[in-house]
Amino acid sequence: MFLSRVANTSLIHQRLIVSRSLSTQAPKYSLAISRQVPNSLANALTKYASAENGPIDMDMAKIQHENYLRALRRLVPTLCLPALDKHPDCHFVEDTVVAIQNKAVITKPGHPSRQGEVETIREVLLQLGYDVKDMRDHETALCDGGDVMYTSRHLFVGLTNRTNQAAVDFLSDSFGIEAIAVPFSDNALHLKSIVSHMDPTTLLAPIGTVGDELLKTMKAEELGYNVVRLPSMLACNVVSVNSGILAQDEGCAESRELLTKAASDRNLKIEFVDASEFAKIDGALTCCSVLLQI
Ligand code: CIR
């Protein structure tokens, strides 16, 4: 009893310390991790993408992934791990880990076919000297990293078909940051399929009720976020790294124009990459890398 009270007090204290250090400064990333596209990609999971997009074009997917890596490497050195052909979604590395400063939580992805992807990521993070916690040690927690958005000011976690409340608690305890759970209607795969951040005070969200509802649930306005609204939901998923933005070249000229202006207003370089093959399997841009501050 006494010990557990001491443990609780120290946890609260730890959280307060971390909360005080949350800042509006964008983090400096020193490394990104990605993974090659597996030859089994055609068997990747898909639920939300329109069937009209047609089947995966394997050659095009590999070209798009290479272009993504080339663009990312202009912003941060990027390690590309070998593909795991047994796991058709393995290059969506974002779902396997959440890393903040020197701490990392290896997730237990919400779909069983993805759970075997995490072990190699854990090994890499241990090699890099990370303080690693493993969600697989928890009985019930499930989480895809695509549901976790850390803006440097807040840690938002979408409650979806892939991520549950036990994971929110696990992340809060592991990072010493009170995570904000964001209940979610079943209209996209992950939180970051709908909203992402350009910098610590700017969010991107789609115009329309899906965006309106999500921003309200996140209390984005009360928490002091400026929101850039775009006509295309796919365009709202950007990788924000080291004064640069990787955005999707997904055919919506108005979204492209609004993003270009928003980036220039914030002194951020912006580069557009085509990820249309990944959109066919519910993937976007953030999902293809994990950003690290080692
Ligand atoms: C899946 O359903 O798990 C994959 N086909 C897509 C994962 C995309 N990940 C992400 O946006 N973080």
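Owing to the predicted nature of the structure, the values given are computational and were not obtained by experimental measurement. First listed ligand is number 1; within each ligand, the first listed atom is number 1.
- For ligand 1, the atoms closer than 4.0 angstrom to any heavy atom of Gly146 are 12 (N).
- Remark: ligand 1 and Cys287 share no N or O pair separated by less than 3.5 Å (distance only, no angle test).
- Note: His91 and Phe278 have tilted aromatic rings, judged against thresholds of 30 and 60 degrees for the angle between ring planes.
- Residue contact check: Ile281 has heavy atoms under 4.0 Å from atoms 4 (C), 5 (N), 6 (C) of ligand 1.
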I would like to know whether Val118 and Thr107 meet side-chain contact (heavy atoms from CB on, under 4.5 Å); could you show each step before the answer? CA-CA 7 Å; Val118 302; Thr107 64; 4.2 Å; yes

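- Using cut-offs of 30° and 60° on the angle between ring planes, the pair His154 and Phe156 is tilted.
- Using a 4.5 Å heavy-atom threshold, the side chains of Leu128 and Leu31 count as touching.
- Within the listing of ligand 1, atoms 1 (C), 2 (O), 3 (O) sit less than 4.0 angstrom from a heavy atom of Arg162.
- Other residues, nucleotides and ligands contribute more than 12 heavy atoms inside 6.0 Å of the CD atom of Gln293.
- Looking only at heavy atoms of the protein, atom 4 (C) of ligand 1 is closest to Asp89 OD1, 3.1 Å.
- Applying the 4.0 Å criterion to heavy atoms of Glu94 picks out, from ligand 1, the atoms 10 (C), 12 (N).
- Judged by the shortest distance from any of its heavy atoms, His111 lies outside the 4.0 Å radius around the atoms of ligand 1.
- The proximity of Asp144 to ligand 1, defined as any non-hydrogen pair under 4.0 Å, does not occur for either the backbone or the side chain.
- At most 12 heavy atoms of other shown residues, nucleotides or ligands fall within 6.0 angstrom of atom CD in Glu257.
- With ligand atoms numbered from 1 in the order given, ligand 1 contributes 1 (C), 3 (O), 7 (C) to contacts under 4.0 Å with heavy atoms of Arg114.
- Taking distance alone, with nitrogen or oxygen atoms compared against 3.5 Å, Asp282 stays at or beyond that limit from ligand 1.
- Closest protein heavy atom to atom 9 (N) of ligand 1: Asp95 OD2, 2.8 Å.
- Put simply, the side chain of Leu125 reaches to within 4.5 Å of the side chain of Val97, judged on heavy atoms.
- No heavy atom of Thr46 sits closer than 4.0 Å to any atom of ligand 1.
- With rounding to the nearest 0.5 angstrom, the CG atom of Leu45 is 8.5 Å from the CD1 atom of Ile281.
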